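Step one of this worksheet: look at the structure below.
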Amino acid sequence: MQIPQTTSPTHFIRQIISNDLSTNKNNSNVATRFPPEPNGYLHIGHAKSICLNFGTALENNGTCNLRFDDTNPEKESIEYMESIKRDVAWLGFEWTELRHASDYFEQLYQYAVELIQKGLAYVDSLSAEDIRLYRGTLTQAGKESPDRNRSITENLDLFARMRAGEFADGQYVLRAKIDMASPNMNMRDPAIYRIRSVHHQRTGDAWCIYPMYDYTHCISDAIENITHSLCTLEFADHRPLYDWVLEQLQTPCHPQQIEFARLQLEYTIVSKRKLNQLVTEKHVSGWDDPRMPTIAGLRRAGFTSQSIKDFCERIGITKQNSWIEMGVLEYCIREDLNVNAFRAMAVLEPLRVVITNYPKDKIENLEISNHPQREELGKRIVPFSKTILIENDDFSENPPAKYKRLSVGEEVRLRGSYVICCDEVIKNADGEIIELHCSYDENTLGKNPEGRKAKGVIHWVDEASSHAAEIRLYDRLFTVPQPDNEENFLDVVNPNSLQILNSCRVEASLKEATLEHRYQFERTGYFCLDSDSTSEKLVFNRTVTLRDSKE
RNA sequence: UCCCGAGUGGUGUAGUGGUAGCACAGCAGACUUUGACUCUGUUAGUAUAAGUUCGAUUCUUAUUUCGGGUGCCA
């Protein structure tokens, strides 16, 4: 007997947590958070983090907050916050609480005062340039700022006046007093507050000093009683600072920061700066362009949230930097859509076929299953008459070996309909094929012809009852697996990443297509209705092709 | 070699001091009213060198390769 494997594979973070649970660490609570900065749209890499954080909470009956890391008002906006909430919700996760680092600005300030009082922070008047010079290099220790031993009283006064807006941007900065000789640059008296007289999207003009990430993140985690603070590898060097801050202060708890490798997906980029550039320079139509690796783009392309979650589970969680092949993502969406997408027929590049021996005005309303393996999904009506359209590609005058489509003198099955034989090719004055004359075998509806076998099965639509449609064929946005390695990633944008087909014809039933449904256009791929679609003009996006094993 | 991290088939990821498993990709075949799906079979791997051990992919050391680190970004 086979026991179905339903448990997810383990990974090192699951092991750490199950170990913590077994020792009753954190009173056996599990609290995580997803902490995006609202300075761009969420992308597939964020999806990995979202699935990890929310998933970890779900698996352990814990909590997971959505917390906006909004400490840099110059780059952040409400629009991005809204898009992030929408995308997390679309993925199917519910945050326990919605928080903002800016909710803690007053507490953060008071903790900073506490640091100053303990002689662990000081106000520095060095310029940004000088601070950089004083910091030293990777191989050389830094040297201390002349202001490092400013008195506590003076520091307190200056910090209060920084808050009060008495100084210009950049005139002073609050620094943690740690160790200018540390081999870890993050510990060389990092800045924890800077003066920035800018309007904040949530706190308005209440503040002109804003806390830095390292200082803010650990305290925010502690305030929210986070148990496991999961972040990407590049923050590993910051962990000593994360721990240092919490060790100096009387915070509610001391969360454990654990780092994992960020997602690297071939043929995509996830740098917010570059993604932004693609949008602003109009290489794509927007953040939700189906070629974008953003959640919004994937959604518009027709990806399901389930397929993305499945993908995130499959790629695993480790500390190894690795590249995921596009084939994995494609497999995940095909696996979902194969089971759940309704089947339909669409002809992308039509070729007219007249069935010479079919009655002139006859129309047969054929009933065809919506899914070959799932009868419960019902049937649809597909009209059939004397003049139909087939895919231009599905006919060849000089068929190669093993050709399974139509050619002169050969028979093919029209999917869900009759077997036809091509008798004659009609060409125009330029010698281009404009029409095919075929004959049908009336005894082949729902049964095989006797004594012979059709070469293959092709899709079709009835010309009169079909609808015009625009079909957008999307392909990978870049021509190389690692566009980030290029001198200029714009040089390797795939010029053929979008092909718009305007003379497509889709079967009558597709008139009722909805944004929520996914479709498999038989033999051509998986598609979804695009939001640009109108009742006059249907627009479909190709999510992914079908697997293709023909050589 | 200033600090930190990581090396398991083509890719990703498990595992144990005792025959290295799974998935994707690939290849071959079966089935097929989708060249889809499904099914079957199959190719291919522990970075290198020493050491400990009856036995090392696992433990130790060295080497090597790759990634990250010098924002008043996150």
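Within every chain, numbering begins at 1; the chains are lettered A, B, ... in the order of the sequence lines, protein sequences first and strands thereafter. Quick caveat, the model's predicted, so the values are computed rather than measured.
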Exercise. Distance only, no hydrogens: is a donor on one side chain within 3.5 Å (strictly under) of an acceptor on the other, for D336(A) and Q306(A)?
Worked result: no
Problem set entry | Watson-Crick or G-U counterpart of rU52(B), or none if no pair lies under 3.5 Å | none
Exercise. If you take atom types as modelled and just measure distance, does the side chain of E234(A) reach the base of rG67(B) with a donor-acceptor pair under 3.5 Å?
Worked result: no
Exercise. Using a cut-off of less than 4.0 Å, is there contact between a side-chain N or O of R135(A) and OP1 or OP2 of rC72(B)?
Worked result: yes
Exercise. For atom P, what is the distance between rU46(B) and rU58(B), given to the nearest Å?
Worked result: 12 Å
Exercise. So which nucleotide does rG17(B) pair with, by the Watson-Crick or G-U wobble rule with both distances under 3.5 Å?
Worked result: none
Problem set entry | rC31(B) - base-pair partner by Watson-Crick or wobble geometry, distances under 3.5 Å | none
Problem set entry | OP1 or OP2 of rA36(B) under 4.0 Å from side-chain N/O of S549(A) | yes
Exercise. Expressed in angstrom and rounded to an integer, what is the separation of D336(A) atom CG from rA36(B) atom C1'?
Worked result: 16 Å
Problem set entry | Toward the 5' end of RNA chain B, by each residue's nearest nucleotide, K447(A) or G316(A) | G316(A)
For this session: Determine the Euclidean distance between corresponding P atoms of rG26(B) and rC37(B); express it in Å to zero decimal places.
Result: 10 Å
Exercise. On a whole-Å scale, what distance lies between the C1' atoms belonging to rU57(B) and rA14(B)?
Worked result: 13 Å
Exercise. Expressed in whole Å, how much space separates the P atoms belonging to rG12(B) and rU70(B)?
Worked result: 26 Å
Problem set entry | hbond_proxy Q520(A) side chain to rU34(B) base (donor-acceptor, 3.5 Å cutoff) | yes
Problem set entry | Nearest-angstrom distance, C1' atom, rU11(B) to rC4(B) | 27 Å
Exercise. Please give, in whole Å, the distance from rU34(B) C1' to R334(A) CZ?
Worked result: 14 Å
Exercise. Side chains of T232(A) and E234(A): donor-acceptor distance under 3.5 Å anywhere?
Worked result: yes
Exercise. Between D189(A) and Y122(A), do the side chains contain an N or O donor and an N or O acceptor separated by less than 3.5 Å?
Worked result: yes
Problem set entry | Note, L337(A) side chain near F303(A) side chain (heavy atom, < 4.5 Å) | no
Problem set entry | Whole angstrom value for the distance that separates C1' of rC66(B) from CD of Q482(A) | 12 Å
Exercise. Tell me, do D475(A) and Y267(A) make a side-chain contact under 4.5 Å, heavy atoms counted?
Worked result: no
For this session: Using the P atom as the reference point in each nucleotide, state the distance between rU16(B) and rC27(B) in Å, no decimals.
Result: 34 Å
Exercise. Which whole number of Å gives the distance between the C1' atom of rU43(B) and that of rU48(B)?
Worked result: 26 Å
Exercise. Given the P atoms of rU61(B) and rG67(B), what is the spacing between them in whole Å?
Worked result: 25 Å
Exercise. Do E364(A) and Y358(A) have side-chain N/O donor and acceptor atoms under 3.5 Å apart?
Worked result: yes
Problem set entry | Short side-chain N/O contact from R196(A) to OP1 or OP2 of rC73(B), under 4.0 Å | yes
Exercise. Would rG69(B) be called syn or anti, given that syn covers angles within 90° of 0?
Worked result: anti
